[in-house]
2 protein chains.
Amino acid sequence: MFTLAEENYLKAIFHLENDYGAGVSTNAIADKMDTRASSVTDMIQKLADKKVISYQKYKGASLTKKGKSIAVNIIRKHRLWEVFLVEKLDFQWDEVHEIAEQLEHIKSDELIQRLDLFLEYPDFDPHGDPIPDRNGYIKPTEKKLLSKLKKNQRGICVGVKESSATFLQYLDTRKIGIGSSITVIDKEEFDQSMTILVSNKQFFITKKIAENLYLKTI
Amino acid sequence: MFTLAEENYLKAIFHLENDYGAGVSTNAIADKMDTRASSVTDMIQKLADKKVISYQKYKGASLTKKGKSIAVNIIRKHRLWEVFLVEKLDFQWDEVHEIAEQLEHIKSDELIQRLDLFLEYPDFDPHGDPIPDRNGYIKPTEKKLLSKLKKNQRGICVGVKESSATFLQYLDTRKIGIGSSITVIDKEEFDQSMTILVSNKQFFITKKIAENLYLKTI
DNA sequence: TTTATTTTTTAGCCTTATCTAAATTTAAAG
DNA sequence: CTTTAAATTTAGATAAGGCTAAAAAATAAA
Ligand SMILES: [Mn+2]
Ligand SMILES: [Mn+2]
Ligand SMILES: [Mn+2]
Ligand SMILES: [Mn+2]
């Protein structure tokens with residue numbers, strides 16, 4: 001059995017490996033977990049002893065098969081609970097992450113299996129992130145960052161990369177959400193800022209915004 | 001904010017005060033929490049510092065107003081989650097306690113308010129225990145232990161005192177549940193054992209069983 | 001009212017998960 | 001190929017929450 005802290009480390013390492021490739025650095029983990037590098041070293045040594053990561057001093061950490069499976073299961077729980085909170089309890093998509101951070105650590109396989117059924121086996125969470133199935137399989141989806149699109153290209157918003165409340169609220173005020181159709185009207189070579197069209201309105205957005213919106217191009 | 005361990009102590013002290021009156025002994029708490037008296041002493045000293053219990057050395061502990069309010073809120077969460085598990089996820093009444101022990105510590109007032117609404121403001125949990133309202137008010141209910149009934153008296157089962165899986169499963173095999181009509185056919189003076197009638201069947205039950213079933217007499 | 005027993009508290013130690021400060025290793029510059 | 005800087009690990013502390021063993025206080029017996 002794994003402690004809450006261990007589970008959070010495994011989840012963080014999973015996301016970092018996913019985003020930047022295998023061999024996650026101590027500092028990268030410390031950054032993501034908002035903790036100190038020395039604390040991370042202690043923990044990854046413990047996780048290596050437990051065979052859920054492979055690790056050599058100074059060389060970074062990678063999840064083993066077992067570690068990956070634990071991480072994916074926590075992510076599955078997190079996303080299912082987010083669906084529950086939005087679909088059943090009528091929370092907004094910017095309100096659910098913190099609560100799901102707690103709920104993801106509830107230990108009961110039966111609970112999650114029944115929750116999944118109750119929610120009618122959803123494929124995506126409220127932020128467009130795929131929900132792993134009970135075997136840990138994550139259906140691959142083709143999605144592209146808005147920042148990769150060129151002038152005149154168009155797509156449907158299928159997800160957000162960051163899901164902080166502030167970013168989600170920013171999107172709310174501009175009526176951008178999962179399912180929104182987005183067209184690049186203009187793109188500035190100099191700073192990668194864009195003018196986009198969303199439901200008949202034009203907005204100016206910075207590179208940072210465009211780098212956090214996933215589209216399915218059409 | 002209170003830790004998981006602190007919350008569990010407050011809840012235990014609340015239940016002990018409820019069952020046996022104010023001034024809960026160190027050993028009683030140790031027993032209920034399945035821990036050592038020395039650990040309890042440490043914790044009640046800390047809880048006294050935090051003003052959630054009043055405590056003098058060697059004299060036992062009692063919840064303050066603040067402590068009671070925290071305890072009742074945890075109990076409210078526990079029971080609401082149990083309703084959720086049974087009513088929405090189709091768990092059996094003997095399967096929910098352990099999961100609710102975890103869920104009761106999730107911190108979000110908004111979550112509980114919305115869960116309460118989603119469940120349509122239930123008054124009782126699956127074991128017949130009353131659910132405190134958001135102000136901590138517990139509606140008083142008249143219920144009597146089956147062991148207090150005399151020969152030929154009758155009642156409706158409205159709750160169980162113990163809610164261990166083994167006891168609940170024992171009741172299941174005899175088709176005794178919340179709402180069952182129970183009649184005392186005979187009562188043995190010597191050992192307080194009883195013969196009872198439940199849905200046209202007679203059962204022999206020990207004193208211990210009769211002391212864990214709550215009835216509303218009619 | 002002494003003595004014995006039970007209850008409670010204290011003392012000292014352990015584990016987990018943190019931290020700061022110092023040492024060490026690796027990577028980057030010159 | 002040295003020197004410097006950055007990243008990582010180690011050393012030593014701390015706080016929470018638990019334990020055992022011993023001391024102290026309260027109760028019960030004699
Ligand atoms: Mn989330
Ligand atoms: Mn999400
Ligand atoms: Mn329960
Ligand atoms: Mn219950």
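Nothing here was measured: the structure is a model prediction, and the numbers come from that model. Throughout, protein chains are lettered first and strands after them, A, B, ... in sequence-line order, and every chain is numbered starting at 1. Every heavy atom of this structure was used, including side-chain atoms; hydrogens, water molecules and symmetry mates were not.
- Nearest to the side-chain atoms of I44(B) among the listed nucleotides dC19(D), dT9(D), dT9(C) stands dT9(C).
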Give the C-alpha distance, both sets of side-chain angles, the deciding distance and a yes or no for side-chain hydrogen bond (donor to acceptor under 3.5 Å, both in side chains) between H97(B) and H78(B). CA-CA 8 Å; H97(B) 183 75; H78(B) 182 105; 3.2 Å; yes
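- With dT18(C), dT8(C), dC19(C) as the choices, the nucleotide that has an atom nearest any side-chain atom of A5(A) turns out to be dT18(C).
- Here the side chain of S39(A) is nearest to one of dT18(C), dT9(D), dA26(D), namely dT18(C).
- Relative to the side chain of K57(B), the nucleotides dT10(D), dT9(D), dT9(C) differ in distance, and dT9(C) lies closest.
- For the residue pair D172(B) / W93(B), a side-chain donor-acceptor distance below 3.5 Å is found, with atom types taken as modelled.
- Nearest to the side-chain atoms of N27(A) among the listed nucleotides dT9(D), dA21(D), dA7(D) stands dA7(D).
- Counting atom types as modelled, S38(B) pairs a side-chain N or O with a base atom of dT20(D) as donor and acceptor under 3.5 Å.
- As judged by a 4.0 angstrom heavy-atom cut-off over every strand, T26(A) is placed among residues touching the sugar-phosphate backbone only.
- T35(B) has a side-chain polar atom (N or O) that falls below the 4.0 Å cut-off from OP1 or OP2 of dC19(D).
- Between dT9(C) and Y55(B), a contact under 4.0 Å exists linking OP1 or OP2 to a side-chain N or O.
- In the set dT18(C), dT8(C), dT9(D), dT18(C) carries the atom at the smallest distance from any side-chain atom of D42(A).
- With distances taken from any side-chain atom of Y58(B) to the nucleotides dC19(C), dT8(D), dT9(C), the minimum falls on dT9(C).
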